[in-house]
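Working notes, beginning with the structure itself.
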Amino acid sequence: EITYGDWSSDVCSSDLAPKALSDMLSNPLSVSGFPLTISAPVFRGASSSKPQALVVVEAAGRQLLLTPSGGRAIGGISLAIAAGDQGGKVKAYERGAWSLKLSPQTREAVAERGARLVTALDVPPGKYLLKVAAMDASDGATRGSVVIDLDVPDFSKGALSMSGLAVSSVTEAPVPTVAKDPKLKQM
């Protein structure tokens with residue numbers, strides 16, 4: 001079982017995110033101690049006027065420190081996601097934690113294939129740096145971050161516009177996945 005909790009979409013500040021996550025988000029360079037990959041296709045927001053970036057974060061599982069307890073492997077990952085504009089102002093932010101209570105089979109799948117989080121950020125049109133920072137909640141020493149460019153179109157302008165494209169494969173289906181919104185897990 002992989003769940004998440006304590007999620008907030010408040011603007012990033014030192015009292016909301018642990019200092020280590022804030023420091024990684026503030027750093028212009030990626031931190032390589034905890035391998036992460038991200039993708040973020042952008043779609044027209046269904047319930048809001050802002051477009052949505054579908055943020056997919058994949059974390060390597062071999063580096064996680066998991067404690068055996070009652071036949072399960074217990075651990076966690078603290079995570080922060082921020083989209084900052086060219087002036088450095090944060091326009092969209094989420095933070096939270098993955099809670100890991102893994103059966104032996106799921107532990108093996110996480111070690112082999114990693115774990116995936118899918119969430120959506122409401123982001124106004126513009127150009128951004130999307131940063132994701134994560135750390136093992138067990139020791140805080142295993143940490144990493146990644147940065148990508150995010151171009152969010154204004155879907156309200158023009159007669160025709162193109163959204164992002166999300167493509168997956170049946171070979172990726174076994175990756176343990178958690179989604180903030182259960183509808184996102186299907187993507």
Side-chain angles (χ1 to χ4, degrees), residues 4-18 20-32 34-59 77-98 114-135 143-170 172-173 175 177-187:
Y4 63 87
D6 302 325
W7 281 91
S8 170
S9 58
D10 296 327
V11 174
C12 181
S13 71
S14 60
D15 59 320
L16 293 176
L21 292 177
S22 293
D23 289 349
M24 285 188 283
L25 290 177
S26 299
N27 189 337
L29 302 175
S30 295
V31 176
S32 63
F34 185 24
L36 300 168
T37 61
I38 61 172
S39 62
V42 179
F43 300 94
R44 181 182 198 121
S47 62
S48 72
S49 60
K50 292 181 182 177
Q52 285 189 323
L54 179 68
V55 181
V56 181
V57 180
E58 294 186 351
I77 302 170
S78 296
L79 185 78
I81 304 168
D85 65 16
Q86 294 176 338
K89 184 172 181 176
V90 174
K91 296 292 186 171
Y93 177 77
E94 277 193 7
R95 66 156 174 87
W98 283 344
R116 180 185 302 125
L117 169 77
V118 182
T119 189
L121 287 179
D122 290 338
V123 186
K127 294 185 182 292
Y128 301 94
L129 285 180
L130 181 67
K131 297 182 178 186
V132 175
M135 67 182 195
R143 55 180 76 167
S145 66
V146 65
V147 180
I148 64 168
D149 290 320
L150 181 65
D151 190 2
V152 180
D154 187 345
F155 292 113
S156 68
K157 293 186 178 177
L160 181 65
S161 60
M162 177 78 175
S163 70
L165 183 64
V167 179
S168 188
S169 163
V170 293
E172 292 299 312
V175 176
T177 302
V178 63
K180 184 177 173 187
D181 179 339
K183 291 182 282 185
L184 295 176
K185 190 172 182 179
Q186 299 170 1
M187 297 188 90

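Here, residue 1 is the first one in the sequence, and each next residue gets the next number.
Scanning both residues, Met135 and Ala20, for their nearest heavy atoms gives SD-CB, 3.7 Å. Contact between Tyr93 and Ala80 at its shortest, heavy atoms only, is OH-CB, 3.9 Å. Between Trp98 and Ala59, the shortest heavy-atom distance links the atoms CZ3-CB, 3.8 Å. What you find for Val147 and Pro28 is that their closest heavy atoms are CG2-O, 4.5 Å. Here the closest heavy-atom approach between residue Gly144 and residue Met24 is recorded as O-SD, 3.5 Å. In terms of heavy atoms, Pro125 sits closest to Tyr128 at O-OH, 3.5 Å.
Note that OG of Ser78 is 10.0 Å distant from CZ of Arg143, once rounded to the nearest 0.5 Å. The distance from the CG atom of Leu150 to the CG atom of Leu129 is 9.0 Å, given to the nearest 0.5 Å. To the nearest 0.5 Å, atom CZ of residue Arg95 and atom CG of residue Leu25 are 12.0 Å apart. To the nearest 0.5 Å, the span separating CG on Leu79 from OG on Ser145 amounts to 11.0 Å.
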Can you give me every donor-acceptor pair (side chain of residues 151-158, partner residue at least two apart or in another chain, under 3.5 Å) with its distance?
unit_1, atom_1, unit_2, atom_2, d
Asp151, OD2, Lys127, NZ, 3.3
Asp154, OD1, Ser156, N, 3.0
Asp154, OD1, Ser156, OG, 2.6

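Residues Ile38 and Leu130 form a side-chain contact, since some pair of their non-hydrogen atoms from C-beta on lies under 4.5 Å apart. The shortest distance between side-chain heavy atoms of Val56 and Leu117 does not fall below 4.5 Å. Contact of the Val146 side chain with the Thr37 side chain is not registered, since no non-hydrogen atoms from C-beta on lie closer than 4.5 Å.
Under the rule for a side chain to side chain donor-acceptor pair (under 3.5 Å), Asn27 has no partner lying at least two apart in sequence or in another chain.
The main-chain N or O of Val55 is never found under 3.5 Å from a side-chain atom of Thr119 such that the two would form a donor-acceptor pair.
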